[in-house]
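Side-chain atoms are counted along with the backbone in the values below, which use heavy atoms only and exclude waters and symmetry mates. All ligand and atom numbering here is 1-based and tracks the order in the structure.
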Amino acid sequence: MPPNPTRRLWRNITVFDGERELPEPMAVLVEDGRIARLCPDAALDESDTRGATEMGRGGVMTPGLVDCHTHLVFGGSRADEFTRRLEGASYAQIAQAGGGILSTVRATRAASETELHAAALPRLAALVADGATTVEIKSGYGLTLADELKMLRVARRLGDTLPVRVCTTLLGAHALPPEYRDDADGYVRLVCDEMIPAAAAEGLADTVDVFCEGIAFSPAQCERVFEAAARHGLAVKAHAEQLSNLGGAALAARHRALSADHLEYLDEAGVAALAEAGTVATLLPGAFLTLRETQLPPVAALRRHGVPMAIATDANPGSSPIFMPTLILNLACTLFRLTPSEALAGMTAHGARALGLTDTGRIAQGLRADLCMWDVARPAELAYAVQPGRLRQRVFDGEITHER
Ligand code: DI6
Ligand code: FE
């Protein structure tokens, strides 16, 4: 039988399958874009190896990383705001003075689709080079119908430019634009009655997100957005309990949200609500670090209630200008005290779940072959050391897209 170039075999490898490190040396066979077999290396037989190209022996395989929360399409830079925060201004103070998210809104509105795509491409390329095979990208810096759709089109186009699965999220309810300063309800009406229907009709958004916060939208306003999303068949998620506790996570859970994100100020009742609904808790240590937050998310309670924890970069120009998923693995451990295994699960299996994806983020027979081979001795090293350049091979949909 001649070798089949789409039939690829890795042998004698350590596998982190999305939940845990498997105890034995394993073999993984990929065929036609799917994981055709996962078994102990010793159990491989002639029918597995026949016609397969051997891709290497030894090393650590994980699912391709899933970065389930980013805002990586944006215009401009916020380096000046970074300096102001170092001088003592808080994130909320800067936002209230018309800076923060709104300064990125001005730059994003002024940029063309081509300019936004060109600016975002190296950011996405950085995530991909660090092992991401699925990346969620939110709108939320346009805040007009045309500018939100523009951002979502750029996000979709990024997914056609690089070998990575891009999930798009309409975040029209991110900040109140200046032209609606005295009419928040009018703006929420625009989100519900125009943005959501248009994004759904054009297939530009996979999910709908809100920022439930004192400096953003109230729970009642967020609820109207959730109801509009449901009318258009779109799943929801929420930025909740980032700076204060408004009960946004419990509200999101009541609307069967895929995830509630940030969660530093989440209380026990909120944790129980997430558990009840099966909503993923997405933790974002990059924003915690950048904002020098001191309130820790309730990790112990999330564990106790069995809430799946995802982790993500939150890559954005203000609160998390970090475009390196493996650094986030480390921060989830050093700042939030996740175990390396929890952090890895958070950026693979649970990240996929936070996006409603069932066919990626885990290594199991029949799933998509989105995989990373790393030059490390144990999976825990990916979270332990902050060290670029350890990705040996990246496999997207069964194709080798990076080889070192
Ligand atoms: N919370 C965040 O951390 C990002 N958005 C949000 O709702 C920050 C966005 C930004 O500062 O540009
Ligand atoms: Fe965010």
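- How far OH of Tyr180 is from CZ of Arg189: 8.5 Å, rounded to the nearest 0.5 Å.
- Heavy atoms of Phe74 found under 4.0 angstrom from ligand 1: none, in either backbone or side chain.
- Seen from the ring of Phe226, Arg256 does not count as a face-on cation partner, given the 6.0 Å and 45° thresholds.
- Salt bridge Arg165/Asp370: present, at least one basic N to carboxylate O contact under 4.0 Å.
- Residues Val376 and Arg390 share a closest heavy-atom pair of CG1-CD, 3.8 Å.
- Which parts of ligand 1 touch Tyr91 is read off a 4.0 Å heavy-atom cut-off, strictly below it: atoms 8 (C), 9 (C), 10 (C), 11 (O).
- Neither the backbone nor the side chain of Glu213 comes within contact range of ligand 1; no heavy atom lies under 4.0 Å.
- For the Fe ion (ligand 2), the set of nearby N, O or S atoms under 2.8 Å includes none belonging to His262.
- Under the 3.5 Å distance criterion, with hydrogens and angles disregarded, no donor-acceptor pair is assigned to the side chains of Asp41 and Asn12.
- When only modelled atom types and interatomic distance are considered, Arg85 and Ser90 share no side-chain donor-acceptor pair under 3.5 Å.
- Residue-ligand proximity, Gly318 to ligand 1, at heavy-atom distances under 4.0 Å covers atoms 11 (O), 12 (O).
- Taking only non-hydrogen atoms, the option from His262, His174, Gln242 nearest to atom 5 (N) of ligand 1 is His174.
- Neither the backbone nor the side chain of Thr104 has any atom closer than 4.0 Å to an atom of ligand 1 (non-hydrogen atoms only).
- Counting only N and O atoms by type, the side chains of Arg394 and Thr401 include a donor and acceptor under 3.5 Å apart.
- Close contacts of ligand 1 with Arg78, meaning ligand atoms under 4.0 Å from a residue heavy atom, involve 10 (C), 11 (O), 12 (O).
- Near Asp314, with a cut-off below 4.0 Å to any heavy atom, the atoms of ligand 1 are 2 (C), 3 (O).
- Neither side chain, Glu136 nor Thr70, offers a donor N or O lying under 3.5 Å from an acceptor on the other.
- The Fe ion (ligand 2) forms the vertex of an angle spanning NE2 of His71 and NE2 of His69; to the nearest 10 degrees it equals 100°.
- Listed by number with element, the atoms of ligand 1 under 4.0 Å from a non-hydrogen atom of Tyr141 are 9 (C), 10 (C), 12 (O).
- Between Glu223 and His255, the side chains place a donor N or O and an acceptor N or O closer than 3.5 Å (distance only, hydrogens not considered).
- Per-residue contacts place Asn316 under 4.0 angstrom from the following atoms of ligand 1 (heavy atoms of the residue considered): 4 (C), 8 (C), 9 (C), 10 (C), 11 (O), 12 (O).
- The Fe ion (ligand 2) sits nearest to atom OD1 when only the N, O or S atoms of Asp314 are considered.
- In terms of protein heavy-atom proximity, atom 3 (O) of ligand 1 is nearest to Ser319 OG, 2.6 Å.
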